[in-house]
Amino acid sequence: MRTFNQIRTLLFCCISTVGLAQGEFLNHSNSIAPKGSSMSAPKTFTPSVFTPNAKPKPNNTSSILEDKKLQFAQNNNFANPGDSYKEKLNNSLQEGGQDNKIFRKDEYFGEYKLKADHVKITYRDFGYVDGDQIKLLVNGSVMISEITLQGETRSIELGLEKGFNKIECEALNEGLSVPNTAEFQVFDDKGNLITMGQWNLATGFKASFMILRE
């Protein structure tokens with residue numbers, strides 16, 4: 001049997017061995033530094049979805065009433081349809097002068113010799129279709145007392161006398177837009193174009209041309 005001194009020596013050796021192993025574990029490079037040591041544990045950082053010191057942007061969005069102001073006057077569905085014609089009339093007066101002097105003259109489109117016994121005349125309003133009217137005369141006699149000019153082309157056939165035939169178109173009015181405007185073409189009995197032109201007349205003035213039938 002072992003003596004008491006042998007047992008005590010064996011216990012002392014075991015305790016020393018355990019203490020040495022614990023010391024090696026505590027001195028491992030990955031160990032947490034003991035309290036009071038100059039080493040410190042690494043700090044963790046969690047990125048933020050918000051920018052530091054970010055200030056909220058001012059709200060520059062204006063209200064619907066500010067961006068789209070209600071303009072009842074411009075969108076009035078009960079406006080007078082005659083206002084547009086008044087505007088055209090005022091514009092025409094500004095172009096032609098307040099008393100419309102520039103259109104106060106007759107217009108002559110020349111003299112032509114033909115062997116045909118009649119001619120075909122086409123006509124239309126080349127400006128605003130605003131109710132322009134004319135009167136057709138031949139050698140001073142009224143052939144048609146009133147013709148209303150339209151946007152589409154219309155035509156008439158006119159018989160010719162031997163000798164001179166002075167054909168005149170007199171402006172009966174100027175419609176709602178100054179002046180009286182028309183475009184015309186003259187063809188012989190075989191469909192050949194004889195002459196063509198446009199006029200701008202004040203009320204009472206005439207556009208004319210002469211045809212000499214041989």
Side-chain angles (χ1 to χ4, degrees), residues 74 76-214:
Q74 294 183 4
N76 186 359
N77 294 329
F78 301 95
N80 185 354
D83 291 343
S84 60
Y85 290 106
K86 291 180 181 179
E87 183 178 355
K88 295 176 185 177
L89 178 60
N90 291 334
N91 291 338
S92 298
L93 287 173
Q94 291 176 2
E95 293 175 2
Q98 189 65 28
D99 59 356
N100 211 14
K101 288 182 179 180
I102 190 173
F103 305 119
R104 294 177 178 272
K105 60 181 180 180
D106 293 331
E107 297 188 30
Y108 185 63
F109 292 93
E111 182 179 318
Y112 309 91
K113 292 182 180 181
L114 298 178
K115 293 181 179 181
D117 60 355
H118 71 276
V119 292
K120 178 182 178 180
I121 303 174
T122 66
Y123 57 90
R124 72 180 186 92
D125 190 338
F126 73 88
Y128 293 114
V129 180
D130 57 348
D132 288 348
Q133 294 180 328
I134 61 171
K135 177 169 60 178
L136 180 64
L137 305 94
V138 178
N139 293 333
S141 298
V142 177
M143 296 290 103
I144 303 178
S145 61
E146 184 179 295
I147 298 174
T148 300
L149 302 175
Q150 304 294 333
E152 68 273 9
T153 300
R154 297 186 177 184
S155 64
I156 58 172
E157 288 191 354
L158 189 64
L160 299 175
E161 299 179 356
K162 285 283 187 177
F164 290 99
N165 294 266
K166 185 178 182 181
I167 300 173
E168 299 174 295
C169 298
E170 180 181 342
L172 297 178
N173 66 2
E174 299 172 39
L176 295 174
S177 178
V178 175
N180 185 297
T181 55
E183 177 181 79
F184 71 93
Q185 295 177 319
V186 182
F187 301 89
D188 64 14
D189 55 356
K190 295 180 175 60
N192 298 315
L193 179 64
I194 305 304
T195 186
M196 62 184 295
Q198 294 178 341
W199 71 65
N200 296 273
L201 300 173
T203 302
F205 290 86
K206 301 175 182 178
S208 63
F209 54 93
M210 183 76 72
I211 294 180
L212 176 59
R213 180 187 172 189
E214 297 178 338

Check your understanding: Does any pair with a residue in residues 155-165 pass side chain to side chain donor-acceptor pair (under 3.5 Å), and if so which ones, sequence neighbours excluded?
Key -> none
Review point. Does Asn180 reach the main-chain N or O of Asp132 with its side chain, forming a donor-acceptor pair under 3.5 Å?
Key: no
Study note, to complete from the structure: In this structure, CD1 of Ile134 is separated from OG of Ser145 (nearest 0.5 Å) by 11.0 Å
Exercise for review: Output the distance between atom OG1 (Thr122) and atom CD (Gln185), rounded to the nearest 0.5 Å.
Suggested key: 4.0 Å
Check your understanding: Can you name the nearest heavy-atom pair linking His118 to Gly159, along with the distance?
Key -> CB-CA, 4.0 Å
Validation: residues 166-176 side-chain donor-acceptor distances under 3.5 Å, sequence neighbours left out:
from	atom 1	to	atom 2	distance (Å)
Asn173	OD1	Gln133	N	2.8
Asn173	ND2	Gly131	O	3.2
Glu174	OE1	Asn100	ND2	2.8
Glu174	OE2	Thr203	N	2.9
Glu174	OE2	Thr203	OG1	3.2

Practice item. Report the residues that fulfil salt bridge (Lys or Arg N to Asp or Glu O under 4.0 Å) with Arg213, sequence neighbours left out, ordered by chain and then residue number. Key: none
**Study point:** Heavy-atom side-chain proximity of Phe205 to Asn200 below 4.5 angstrom
**Key:** no
Check your understanding: Between Ile211 and Val119, is any pair of side-chain heavy atoms under 4.5 Å apart?
Key -> yes
Practice item. Answer yes when Lys105 and Glu107 have at least one side-chain N-carboxylate O distance shorter than 4.0 Å, and no when they do not. Key: no
Check your understanding: Who are the side chain to side chain contact (heavy atoms under 4.5 Å, CB included) partners of Ile144, not counting sequence neighbours?
Key -> Leu136, Ile147, Ile156
Practice item. With sequence neighbours excluded, tell me which residues meet side chain to side chain donor-acceptor pair (under 3.5 Å) with Tyr112. Key: Thr195
Exercise for review: If a pair satisfies salt bridge (Lys or Arg N to Asp or Glu O under 4.0 Å) and one of its residues is in residues 112-125, list it, with sequence neighbours excluded.
Suggested key: Arg124-Glu183
Revision key, fill the gap. In short, salt bridge (Lys or Arg N to Asp or Glu O under 4.0 Å) pairs touching residues 188-203 with sequence neighbours left out are none
Study note, to complete from the structure: ring pair (Phe, Tyr, Trp, His ring centres under 6.0 Å) pairs touching residues 129-173, sequence neighbours excluded, are none
Point to revise | Within residues 166-194 or reaching into it, pairs that qualify as ring pair (Phe, Tyr, Trp, His ring centres under 6.0 Å) - sequence neighbours excluded | key: Phe109-Phe184, Phe184-Trp199, Phe184-Phe209
